[in-house]
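Report on one structure; see the data block that follows.
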Amino acid sequence: ANPRRRRKCGRDPSLFLQTYFPHIFTNPFSADQTDMIAAVRSVLEFGGYRAEAAARGGGKTSIALGMSFWAHLYALRKFIAIIAATGPDADRNTDNIRVEYETNDPLAADFPEVCIPIRALEGAAQRAHLQTVAGRRTRMHWTGRYLALPTIEGSAASGAIITSRGIASAVRGLQYQGVRPDLVLIDDCETRESARSPIETTKRLETIQRDIAALGGPGISIAIVYLCTVSHVDCIADQLTDPKRKPAWRGRRRPLLSREPEPDTDAANLWTRYVDMRREAMIAGDEEGRAAHHFYLENRPVMDEGSILSNPYRHDTTILPDGTRKQVSTLQFCHDIIADLGREAFDTEYQQKAPDQDVETVGLDSARIL
């Protein structure tokens with residue numbers, strides 16, 4: 001529908017994501033997200049490894065999946081494998097990609113050679129076996145964990161392949177009709193339990209560094225992007241995002257609150273008071289902590305001093321029954337998490353600061369032995 005727009009988006013992945021996925025990327029990209037997009041682009045174009053740790057809910061998975069569309073549609077990569085923590089997680093990734101190709105109107109407008117044959121299936125994947133365009137079979141595969149895009153003469157994405165797997169499934173030697181993956185997206189492949197287990201961590205890390213890293217085969221410059229949140233000391237995310245331990249992965253940790261106020265400053269003391277006020281208000285029956293909210297509004301110029309945020313749009317703007325917004329800044333969101341869930345939870349899920357490693361035991365103590 002708009003060849004010029006299509007060409008421009010091929011040169012600018014940020015523009016591609018916001019043009020064709022406006023329902024996902026509803027806010028402008030922050031500087032940190034723009035940097036992440038550039039980092040992923042570099043790997044897609046030139047191969048190699050990249051590990052990106054960012055706050056949960058910060059858009060890292062959406063960015064990576066969106067970039068996989070960009071890589072397919074502009075012929076940067078032919079076979080994308082997505083590795084998740086579990087089988088159900090893998091199935092969700094495949095389903096999300098399938099739904100976008102089937103229902104995304106902006107994508108269908110500018111990439112009809114990909115989307116129109118997919119839409120013509122009308123949800124009946126078995127129709128793909130006999131489908132033709134201009135008298136030639138499209139050879140689509142549109143069911144299960146393998147998706148093969150339609151083979152169309154002149155299409156940059158002709159016959160491109162997508163598959164998704166759990167980290168514990170058989171990934172060694174993964175291929176489809178003789179084609180090997182040239183892009184692997186590893187999406188938070190650790191569970192809370194596996195991150196605490198040195199044995200499970202070692203096993204999964206070996207899968208990544210031996211099995212997955214070798215998927216490309218001879219002559220293929222494979223690109224591997226690892227997306228994660230650092231949840232524990234010495235977990236996979238902790239290791240791969242540490243440039244001193246794993247320099248080849250070019251790891252980067254992106255905390256939500258990049259810089260906090262210095263201790264004993266007016267801003268730091270006021271935020272301590274805010275956290276206390278929010279907890280006291282909730283104990284007293286003020287479920288949304290409005291007393292603390294008004295305290296922040298009154299003192300916001302001082303409380304905002306000394307803080308730097310990686311994403312200014314990471315807060316809840318829901319209008320509450322009293323007419324106030326639930327939160328008015330990402331800084332308030334951060335301190336609401338600290339007040340509600342504790343500092344350790346905030347540091348782990350949003351700051352990429354792993355808590356100390358618990359000693360793994362089999363649960364025996366002297367009383368049980370006796």
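Numbers here are sequence positions counted from 1.
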Q | Members sharing Ile308's hydrophobic cluster (side chains within less than 4.5 Å) | A | none
(Q) Under the ring pair (Phe, Tyr, Trp, His ring centres under 6.0 Å) definition, can you give me all pairs with a residue in residues 311-330, not counting sequence neighbours? (A) none
Q.
Please list all pairs meeting salt bridge (charged side-chain N to carboxylate O under 4.0 Å, His left out) that have one or both residues in residues 308-323, counting only residues at least two apart or in different chains.
A. Asp316-Lys326
Q: Quick one: which residue pairs count as a salt bridge (charged side-chain N to carboxylate O under 4.0 Å, His left out) with a foot in residues 27-40, not counting sequence neighbours?
A: Asp32-Arg254, Asp35-Arg252, Asp35-Arg254
**Q.** Qualifying salt bridge (charged side-chain N to carboxylate O under 4.0 Å, His left out) pairs, either residue in residues 223-232, two or more places apart
**A.** none
Q | Pairs where residues 95-123 contributes a residue and the test ring pair (Phe, Tyr, Trp, His ring centres under 6.0 Å) is met, not counting sequence neighbours | A | Tyr20-Phe111, Phe69-Tyr101, Tyr74-Phe111
Q. Which pairs, with at least one residue in residues 287-302 and sequence neighbours excluded, count as a salt bridge (charged side-chain N to carboxylate O under 4.0 Å, His left out)?
A. Arg300-Asp304
Q: Just jot down the salt bridge (charged side-chain N to carboxylate O under 4.0 Å, His left out) partners of Arg325, sequence neighbours excluded, or say none.
A: none
Q.
Give me each pair satisfying ring pair (Phe, Tyr, Trp, His ring centres under 6.0 Å) with a member in residues 75-100, each pair once, sequence neighbours excluded.
A. none
Q | Results of salt bridge (charged side-chain N to carboxylate O under 4.0 Å, His left out) for Glu305 - residues two or more places apart only | A | none
Q: Name all pairs fulfilling the side-chain hydrogen bond (donor to acceptor under 3.5 Å, both in side chains) condition that reach into residues 261-272, sequence neighbours left out, sorted by first residue then second.
A: none
Q: Can you tell me which residue pairs pass the side-chain hydrogen bond (donor to acceptor under 3.5 Å, both in side chains) test with a partner in residues 166-181, sequence neighbours excluded?
A: Arg172-Asp211
